[in-house]
Amino acid sequence: MSAGFRVALTFDAEHPDRPNDGLGAARIIETLAAAQTTGTFFVQGRWAEANPTMARRIVTDGHLVGSHSQYHARMPLFTPRGFATDVRAAEGAIRRVARVDPRPWFRLPFGSGATSPEVIAALAALGYRHVGWHVDVKEWRRRETIASVRDRALELVRAHGDGAIVLLHTWPDPVGLALPALIERLASDGARFVRVDELGLGDGLEPVAEPRPADATTRR
């Protein structure tokens, strides 16, 4: 693997049915600060409203903020009006609480709709582009451990190489605990950690990290 390959660590911050999310998010934010590493957080509007201090800390620490919708519903299920209402509600909450504009970055809940031209066009009409991922650690599964999260992320990032977008969540316990070793080992490999907007994606609103199989039955 070449020296200086880029890795974009991304974290979905979700509310309200995720256990222990406050502690997990705080641990991740502190770990990134200690490692002088920046990432990208896709923030659900209701999460920002429930965790205003952490939402603002994400911004002041220099991380990129995108939207993860207001209600974390599968977006293809909405009517066109409902779709726009949800996206705008999340944008308003993030602007109000975190004091930052999340546009154009958006991650569809569960990845549902990522391969739908209609969904992508509806996002673009509201000023957003969907950001998928190359590396899915699946750390939300109950059987996962600190070691399994760390090792799977290392394996998949190394396999992908430069420009890997890594999907993680703020709420599963193993994430924050695995993150220090993950960052250290990738840095030893020559990784350079970047925000999604530092991947040289251009100014369009086309989806990022596509095509990506979106399984609407999978929990993400």
Side-chain angles (χ1 to χ4, degrees), residues 5-68 72 90 93-102 105 107 131 133 135-142 144-158 164-199 220:
F5 67 96
R6 300 164 301 166
V7 176
L9 297 174
T10 72
F11 305 89
D12 291 358
E14 303 164 348
H15 178 80
D17 65 338
R18 305 312 194 191
N20 201 29
D21 189 49
L23 177 60
R27 183 180 287 122
I28 289 167
I29 292 167
E30 291 296 337
T31 296
L32 293 173
Q36 298 183 314
T37 298
T38 53
T40 301
F41 285 79
F42 291 95
V43 176
Q44 187 185 349
R46 294 183 69 200
W47 186 91
E49 292 169 334
N51 300 278
T53 300
M54 279 185 287
R56 286 191 286 270
R57 172 76 186 273
I58 289 168
V59 176
T60 58
D61 277 13
H63 305 295
L64 180 66
V65 173
S67 175
H68 198 38
H72 203 264
I94 294 167
R95 282 176 173 270
R96 184 173 62 255
V97 176
R99 301 165 190 163
V100 68
D101 186 351
W105 313 109
R107 176 164 284 161
V131 180
W133 52 85
V135 172
D136 186 357
V137 182
K138 295 184 172 65
E139 83 291 6
W140 39 264
R141 296 182 297 194
R142 292 184 180 180
E144 299 303 328
T145 65
I146 297 169
S148 70
V149 169
R150 178 199 63 215
D151 293 346
R152 179 173 174 83
L154 285 169
E155 175 188 0
L156 295 177
V157 169
R158 288 165 175 165
I165 298 176
V166 183
L167 168 65
L168 295 164
H169 298 78
T170 59
W171 56 272
D173 288 337
V175 175
L177 297 171
L179 194 58
L182 175 61
I183 291 173
E184 181 180 3
R185 294 193 187 185
L186 286 174
S188 296
D189 285 350
R192 178 167 60 90
F193 297 99
V194 298
R195 308 182 338 170
V196 166
D197 62 348
E198 296 172 319
L199 288 174
R220 292 191 179 96

Undergrad: Could you tell me which non-hydrogen atom of Ser67 sits nearest to which non-hydrogen atom of Ala90, and how far apart they are?
TA: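 Heavy atoms only, the tightest pair is OG-CB, 3.6 Å.
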Undergrad: Please find the pair of heavy atoms, one from Val131 and one from Trp105, that lie closest to each other, and give the distance.
TA: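 The answer is CG2-CE3, 3.7 Å.
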Undergrad: Which residue pairs satisfy the salt bridge (Lys or Arg N to Asp or Glu O under 4.0 Å) criterion with at least one member in residues 29-44, sequence neighbours excluded?
TA: Glu30-Arg57
Undergrad: What residues, two or more places apart in sequence or in another chain, satisfy salt bridge (charged side-chain N to carboxylate O under 4.0 Å, His left out) together with Arg6?
TA: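 Residues passing salt bridge (charged side-chain N to carboxylate O under 4.0 Å, His left out) with Arg6: Asp162.
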Undergrad: Please identify each residue that fulfils side-chain contact (heavy atoms from CB on, under 4.5 Å) with Ala181, with sequence neighbours left out.
TA: Arg150
Undergrad: Who passes side-chain contact (heavy atoms from CB on, under 4.5 Å) against Ala98, sequence neighbours left out?
TA: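 Ala55, Val59, Ile94, Val100.
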Undergrad: For a 4.5 angstrom cut-off between non-hydrogen side-chain atoms, does Val135 reach Val7?
TA: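 Of all side-chain heavy-atom pairs linking Val7 with Val135, none is under 4.5 Å.
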Undergrad: Report the residues that fulfil side chain to side chain donor-acceptor pair (under 3.5 Å) with Arg96, sequence neighbours left out, ordered by chain and then residue number.
TA: Glu49
Undergrad: Over all heavy atoms of both residues, which pair between Arg95 and Asp101 is shortest? Give the atoms and the distance, please.
TA: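 Looking at all heavy atoms of both residues, the shortest contact is NH2-OD2, 2.8 Å.
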Undergrad: Just to verify, what does Ala153 make a side-chain contact (heavy atoms from CB on, under 4.5 Å) with, not counting sequence neighbours?
TA: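 By the side-chain contact (heavy atoms from CB on, under 4.5 Å) rule, Ala153 matches Val137, Leu182.
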Undergrad: In chain order, what residues pass the side chain to side chain donor-acceptor pair (under 3.5 Å) check against Arg195, with sequence neighbours excluded?
TA: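 Expected list: Asp197.
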Undergrad: With the side chain counted from C-beta on, respond yes when Trp47 and Met54 share a heavy-atom pair under 4.5 Å apart, and no when they do not.
TA: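 A side-chain contact exists here, since the closest heavy-atom pair is under 4.5 Å.
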Undergrad: List the residues meeting salt bridge (charged side-chain N to carboxylate O under 4.0 Å, His left out) with Glu155, not counting sequence neighbours, and say none if there are none.
TA: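 Glu155: no salt bridge (charged side-chain N to carboxylate O under 4.0 Å, His left out) contacts found.
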Undergrad: Under the criterion side chain to side chain contact (heavy atoms under 4.5 Å, CB included), I'd like the reasoning laid out for Arg185 against Asp151: C-alpha separation, chi angles, the key distance, then a yes or no.
TA: CA-CA 10 Å; Arg185 294 193 187 185; Asp151 293 346; 4.2 Å; yes
Undergrad: Please identify each residue that fulfils side chain to side chain donor-acceptor pair (under 3.5 Å) with Thr10, with sequence neighbours left out.
TA: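 Thr10: side chain to side chain donor-acceptor pair (under 3.5 Å) contacts with Arg107.
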Undergrad: I want to check something: taking the side chain as every heavy atom from C-beta on, are Val157 and Leu186 in contact at a cut-off of under 4.5 Å?
TA: yes
Undergrad: So how far is it from His72 NE2 to Gln44 CD, rounded to the nearest 0.5 Å?
TA: 6.0 Å
Undergrad: Taking salt bridge (charged side-chain N to carboxylate O under 4.0 Å, His left out) as the definition, give me every residue that meets it alongside Arg141, ordered by chain and number, with sequence neighbours left out.
TA: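 Per chain and number, Arg141 pairs via salt bridge (charged side-chain N to carboxylate O under 4.0 Å, His left out) with Glu144.
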Undergrad: Answer yes or no: is there a side-chain heavy-atom contact under 4.5 Å between Thr38 and Leu64?
TA: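 They are not in contact (no side-chain heavy atoms under 4.5 Å apart), so the answer is no.
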Undergrad: In this structure, which one of Thr40, Thr170, Leu167, Leu168 forms a side chain to side chain contact (heavy atoms under 4.5 Å, CB included) with Asp12?
TA: Leu167
Undergrad: Which heavy atom of Ala178 sits nearest to which heavy atom of Val149, and what is that distance?
TA: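 Closest heavy-atom pair between Ala178 and Val149: CB-CG1, 4.0 Å.
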Undergrad: Taking C-beta and beyond as the side chain, do Leu32 and Phe11 meet within less than 4.5 Å on heavy atoms?
TA: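 Yes, side chains in contact.
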Undergrad: Checking Phe42 now: which residues fulfil ring pair (Phe, Tyr, Trp, His ring centres under 6.0 Å) with it, not counting sequence neighbours?
TA: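 Per chain and number, Phe42 pairs via ring pair (Phe, Tyr, Trp, His ring centres under 6.0 Å) with no residue.
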Undergrad: Would you say His169 and Ile28 make side-chain contact, with heavy atoms under 4.5 Å?
TA: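 His169 vs Ile28: side chains apart.
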Undergrad: Return the set of residues passing salt bridge (charged side-chain N to carboxylate O under 4.0 Å, His left out) with Arg56 (not counting sequence neighbours), or none when no residue passes.
TA: none
Undergrad: For a quick test of reading the model, state the closest non-hydrogen atom pair linking Val97 to Ala48 and the distance between them.
TA: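 Taking every non-hydrogen atom into account, CG1-O, 3.3 Å.
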